[in-house]
Amino acid sequence: MFVFTSPDGRSFEAESVTALEALDRLGQKKGAVAARVDGDLVDLATVLTDSSLVEAVPASSDEGLEILRHSTSHLMAQAVRRLFPGTKVAIGPAIKEGFYYDFDVNGTLTEGDLKRIEDEMRRIVKESHRVERFFLPRDEAIARFRDEGEIYKVELMEEIADDEISLYRQGEYVDLCRGPHVPNTSMLRHFKLLSLAGAYWRGDEKNVMLTRIYGTAFAEKEDLEAYLTRIEEAKRRDHRKLGRELDLFSIQEEGPGFPFFHPRGMALRNKLIEFWRNEHRRAGYEEIMTPLILDRDLWIRSGHWDHYRENMYFTEIDGAPYAIKPMNCPGGILVYKSQIRSYRDLPLRIAELGTVHRHERSGVLHGLMRVRCFTQDDAHLYVTPDQIKREIQGIMDLVDHVYSDVFGFAYHVELSTRPEKAMGEKELWDRAEQSLQEALEEKGVAYRLNPGDGAFYGPKIDFHLEDCIGRTWQCGTIQLDFQMPEKFDMTYVGSDGAQHRPVMLHRTVLGSLERFMGILIEHFAGAFPFWLAPLQVRILPVKGEHQPWARSVETLLREWGLRVEVDGRDEKLGKKIRDAQLQKIPYMLVIGEREVESKRVAVRERSKGDLASLSLEGLQELLLGEYDPLGDAPSLRRSVPHP
RNA sequence: GCCGGUGUAGCUCAGCUGGUAGAGCAGCUGACUUGUAAUCAGCAGGUCGCCGGUUCGAGUCCGGCCGCCGGCUCCA
């Protein structure tokens, strides 16, 4: 006899039961899609052959959803196989917000086919097939799938070491799978196929391209609907859409990947730069600027020619070869080398808002997030080996301050290690990777390992931010580099009077102004905080005759250092308010007869609505009291001139 | 770069099975003189992404190229 116990302490004895029976007898059957037995996820049909702790996995839990989605991907594969005979199936996992399955279809699938596939899926659900696990000896399983032409599954099975292969059957459909799955196709109700995409077999562009179908599934209908609505809502925050609506920037056919910044976008960008300069001055950085175009030999020497050439643009000057810089480091290094450096100068923190050009493949361009010309908020730190960790941690603090304190972004950290085409010796890389890891662990920062994704000259810590639909983008980065100092024979004079080799840190905080602005736009849905808003105040005269006072107030607010304009159009107030709301301008100042007479303004805030009628002193207190990370910037003068 | 989709006025979109383009908003002009999310009327605006082909005739069909969108691969 075995004893089966539930987490809440109930238990019973039995000879042998299935997980489902156990859950039933422990009063936990309802809503379960699988069971957790002594910590392992298993099918409900699994026969329990030892005393164990048995727990239900409800469909709505994270694990339950994953199982539900995984099972739905199988359901989809079954439907595709029915509708498109001869289709070979590849891989179909659950992912963050749904699932996908990759197929090798004869001919092509189009979005119109998704509906048909969904209909077939519903038919299979109605047919109510049991989803059963069974095992075959490895050779037998391989032979069986090979006979059916399932070359992708065969390839996967050949890599499985076990003698027995785990398979699942639902109706006529059999798939290679570890499970667990829901016990019956009838449990799959609330799903939707979302999109169609190409995907390389095993993610390698040298392999054939398969057709991937993305979909999602939820335990409850409302959850699915809420998800679909959320995706729709999120699309309204898309920075490409808002960039056009708020007239921030544009990208033209004449320059794919080369954004044009309009006056409003420039106001935002310049404010961001001002903020950035302020933070870096405080953090002990100096600033330089280096040329966009430099002799090709420099890039051969730096290793870019060997490791980065396909991403570079080249040109010629008086018949001699030059390159447009894809990175700022070589230029920065020349500045370092322009004089003899002493250990007393270190750590040397030299920042540069460096505009770089990189040839990105056409299919990857994406609004401001992925462009071919962008300005990095770069900096290079030249340090002694024993300063490395402290400087790395200093940068991490700066990044966290900017992301968390100032903008309120959630972010995650990755440690990217030695790539395939790395420059330099492995021991140096190991040392560098270890330093970064130590810095992270000492700070207690949670991070993901991203193997093989380092820069060609060094490993890096990456800071990733999310866009409106949850895609993540690398923004900040800290790269530890032992290679360039060698290549360029960089030195400093130590206290011993001898020459020593500095270590170099490459880093960004925002990443690039372009990408960061994209994130900002999506994060705030275009409703920027007051200090960043391209236009902070719009003054709305009720009638034409109120314009003189409106203009006076405008002049005054300019004096205060604010970005302000008057809506002098011959329109009704309601229209002016509507337009200002749509432009997401933080404050509207309504000026009518009452205001002109009393020398006041009626203040409307974009999210709070009509606030109050204020005197100019009261207005100044309100506006200049708004949060501003630039603090007591001298441009904000405090006196109230009387117009 | 690869796979799928897509490309009509500044923006959002109509345009059936081929018969040389239409709406709303925005713009301009005029009237209205306006108080917290759209005043009314008129006018103007398009080589239908580009190139080529089929056809008596192409926005519509075919081919090539370019851009854009979603992925993949690659990256700040």
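Everything numeric here is computed off the predicted structure, so don't read it as measured data.
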- request: For the side chain of A:Ala197, starting at C-beta, report the closest nucleotide among B:G71, B:A38, B:C68.
  value: B:G71
- prompt: Taking the side chain from A:Asp377 and the backbone from A:Gly511, do they hold a donor-acceptor pair closer than 3.5 Å?
  reply: yes
query: Across the strands shown, which category fits A:Gly574 at heavy-atom distances under 4.0 angstrom: base, sugar-phosphate, nothing?
result: sugar-phosphate
message: Given 3.5 Å as the limit, does a donor-acceptor pair link the side chain of A:Glu287 with the main chain of A:Arg277, or not?
response: no
message: What I want to check is whether an N or O donor and acceptor connect the side chain of A:Arg515 with the base of B:C75 at under 3.5 Å.
response: yes
Closest listed nucleotide, where the reference is the side chain of A:Lys575 and the choices are B:G70, B:A38, B:U36: B:A38
message: Strictly below 4.0 Å: does A:Lys460 bring a side-chain N or O up to OP1 or OP2 of B:A76?
response: yes
message: Side-chain N or O of A:Arg471 versus OP1/OP2 of B:G71: is the shortest distance under 4.0 Å?
response: yes
query: Does any N or O in the side chain of A:His307 come within less than 3.5 Å of the main-chain N or O of A:Gly303, such that one atom is a donor and the other an acceptor?
result: yes
query: Where the side chain of A:Leu573 is defined as all heavy atoms beyond and including C-beta, which of B:G67, B:G71, B:G35 is the nearest nucleotide?
result: B:G35
- prompt: Taking for each residue the nucleotide of RNA chain B bearing the nearest heavy atom, is the 5' side occupied by A:Phe463 or by A:Val542?
  reply: A:Val542
- request: Determine the contact category for A:Tyr214: base if any of its heavy atoms lies under 4.0 Å from a base atom, sugar-phosphate if only primed atoms, P, OP1 or OP2 are that close, otherwise nothing.
  value: sugar-phosphate
message: Less than 6.0 angstrom separating the ring centers of A:Tyr411 and A:Phe409, yes or no?
response: no
- prompt: Within 45° of the axis and under 6.0 Å from the centre of the six-membered ring of A:Phe99, does NZ or CZ of A:Arg69 qualify?
  reply: no
- request: Go through B:A37, B:C11, B:A76 for me and flag the one nearest to the A:Arg244 side chain.
  value: B:C11
query: So what does A:Arg358 touch, heavy atoms closer than 4.0 Å: a base, only the sugar-phosphate, or nothing?
result: base
task: Report yes if a donor N or O on one partner sits less than 3.5 Å from an acceptor N or O on the other, where the partners are the side chain of A:Tyr200 and the base of B:G1; otherwise report no.
output: yes
- prompt: Between B:C68 and A:Arg240, is there an OP1 or OP2 to side-chain N/O distance shorter than 4.0 Å?
  reply: no
message: Suppose we call a contact any N or O donor and acceptor under 3.5 Å apart; does that hold for the side chain of A:Arg578 and the base of B:U36?
response: no
query: According to a strict under-4.0 Å criterion, is A:His366 in side-chain N/O contact with OP1 or OP2 of B:C68?
result: no
query: Under 6.0 Å from the six-membered ring centre of A:Phe249 and within 45° of its axis: does the NZ or CZ of A:Arg244 meet both?
result: no
- request: Answer with base, sugar-phosphate or nothing: what part of the nucleic acid does A:Arg604 contact at a heavy-atom distance below 4.0 Å?
  value: base
- request: Kindly determine whether A:Phe456 and A:His304 satisfy ring pair (Phe, Tyr, Trp, His ring centres under 6.0 Å), including the steps that lead there.
  value: CA-CA 9 Å; A:Phe456 70 81; A:His304 285 82; 5.0 Å; yes
- request: Identify whether any heavy atom of A:Asp453 sits under 4.0 Å from a base atom; if not, whether one sits that close to sugar-phosphate; answer base, sugar-phosphate or nothing.
  value: sugar-phosphate
Cation-aromatic face contact A:Arg269/A:Phe261, 6.0 Å, 45 degrees: yes
query: Is there a residue in residues 368-382 of chain A whose heavy atoms reach under 4.0 Å of RNA chain B, and which residues are they?
result: A:Met369, A:Arg370, A:Val371, A:Phe374, A:Gln376
field: Distance below 4.0 Å between A:Ser362 side-chain N/O and B:G1 OP1 or OP2
entry: yes
- prompt: Quick one: which of B:A76, B:G70, B:G71 gets closest to the side chain of A:Ser195?
  reply: B:G70
field: Under 3.5 Å side-chain donor-acceptor pair for A:Lys325 and A:Thr290
entry: yes
- prompt: Which is true for A:Glu595 with a 4.0 Å heavy-atom rule: it touches a base, it touches only sugar-phosphate, or it touches nothing?
  reply: base
- request: Return no unless some side-chain N or O of A:Tyr101 is found under 4.0 Å from OP1 or OP2 of B:G71.
  value: no
query: Among the nucleotides B:A76, B:C74, B:U36, which one has an atom lying closest to any side-chain atom of A:Val590?
result: B:U36
- request: Please tell me which of the listed nucleotides, B:C74, B:G35, B:A37, lies nearest to the side chain of A:Leu582?
  value: B:A37
- prompt: Considering only heavy atoms and no angle criterion, is a donor-acceptor pair shorter than 3.5 Å present between the side chain of A:Glu360 and the base of B:G1?
  reply: no
- line: Side-chain contact check for A:Arg212: nearest option of B:U39, B:G71, B:G7 is B:G71
- prompt: Which part of the nucleic acid, if any, lies within reach of A:Thr110 when heavy atoms closer than 4.0 Å are counted: base, sugar-phosphate only, or nothing?
  reply: sugar-phosphate
message: As a test of reading the structure: which of B:A76, B:G70, B:C72 is closest to the side chain of A:Asp238, going by heavy atoms?
response: B:G70
message: Taking any heavy-atom pair under 4.0 Å as a contact, classify A:Glu545: base, sugar-phosphate, or nothing.
response: nothing
